[in-house]
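A quick write-up on the structure given underneath.
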Amino acid sequence: PWMNVINGGSHAGNRLAMQEFMIGATGASSFKEAVRMTTEVYHNLKSVIKKKYGQDACNVGDEGGFAPNIQENSEGLTLLVEAIAKAGYTGKIKI
């Protein structure tokens with residue numbers, strides 16, 4: 001499964017050109033493991049966003065992803081790479 005983890009554009013009320021940043025656990029051996037892995041990254045993403053931008057940045061958009069007030073797509077990708085690494089899934093989760 002692919003999970004929407006950061007919302008952008010009109011769905012989030014920020015200036016990101018990308019509407020959705022999604023992750024998929026391509027390194028999982030089962031559906032159950034993939035759900036667990038992407039959920040762990042989602043929770044790590046919240047802590048990464050909170051540490052960098054504060055609690056207010058942890059708001060969730062209308063499609064379930066976080067909607068931090070970031071300005072550049074590259075900033076969203078950097079947050080995801082950090083959250084994936086923090087969860088211990090570098091190379092097993094694709095953006």
*asked:* Tell me every residue that passes side-chain hydrogen bond (donor to acceptor under 3.5 Å, both in side chains) with Asn59, counting only those two or more places apart in sequence or in another chain.
replied: none

_All pairs passing salt bridge (charged side-chain N to carboxylate O under 4.0 Å, His left out) where residues 69-94 contributes a residue, at least two apart_ = none

*Which ring pair (Phe, Tyr, Trp, His ring centres under 6.0 Å) pairs, counting each pair once, include a residue from residues 34-79, with sequence neighbours left out?*
Tyr42-Phe66

_Less than 4.5 Å apart, side chain to side chain, heavy atoms only: is that true for Phe21 and Asn4?_
no

*Are Trp2 and Leu77 connected in a single hydrophobic cluster, I mean Ile/Leu/Val/Met/Phe/Trp/Tyr linked by side-chain heavy atoms less than 4.5 Å apart?*
no

*Return each pair, listed once, that meets ring pair (Phe, Tyr, Trp, His ring centres under 6.0 Å) where at least one residue sits in residues 71-95; pairs must be two or more places apart or across chains.*
none

*asked:* Can you give me the closest heavy-atom contact between Leu80 and Ile6, atom names plus distance?
replied: CG-CD1, 4.0 Å

*With side chains defined as the heavy atoms from C-beta onward, is the minimum distance between Val81 and Ile95 less than 4.5 Å?*
yes

*Just grab all the salt bridge (charged side-chain N to carboxylate O under 4.0 Å, His left out) pairs involving residues 25-50, residues at least two apart or on different chains.*
Glu33-Arg36, Arg36-Glu40

*Indicate if Met18 and Ile84 have the same hydrophobic cluster label, given that clusters are the connected sets of ILVMFWY residues with side-chain heavy-atom separations under 4.5 angstrom.*
yes

*Do Met3 and Thr39 pass the side-chain contact (heavy atoms from CB on, under 4.5 Å) test, and can you show the C-alpha distance, the side-chain angles, and the key distance before you say yes or no?*
CA-CA 8 Å; Met3 180 185 279; Thr39 301; 3.9 Å; yes

*Kindly indicate whether the side chain of Leu79, heavy atoms from C-beta on, has any atom under 4.5 Å from the side chain of Lys52.*
yes

*Taking the side chain as every heavy atom from C-beta outward, state whether Ile93 and Met37 have any atom pair closer than 4.5 Å.*
yes

*Output every pair passing salt bridge (charged side-chain N to carboxylate O under 4.0 Å, His left out) with a member in residues 17-28, not counting sequence neighbours, ordered by first then second residue.*
none

_Shortest non-hydrogen separation from Asn44 to Ala83 and the atoms involved_ = CB-O, 3.8 Å

_With side-chain contact (heavy atoms from CB on, under 4.5 Å) as the criterion, how do Val41 and Val5 come out once you've worked through the C-alpha distance, each side chain's angles and the decisive distance to 0.1 Å?_
CA-CA 9 Å; Val41 171; Val5 291; 5.8 Å; no

*Which atom pair, heavy atoms only, marks the closest approach of Asn7 to Gly61?*
OD1-CA, 3.2 Å

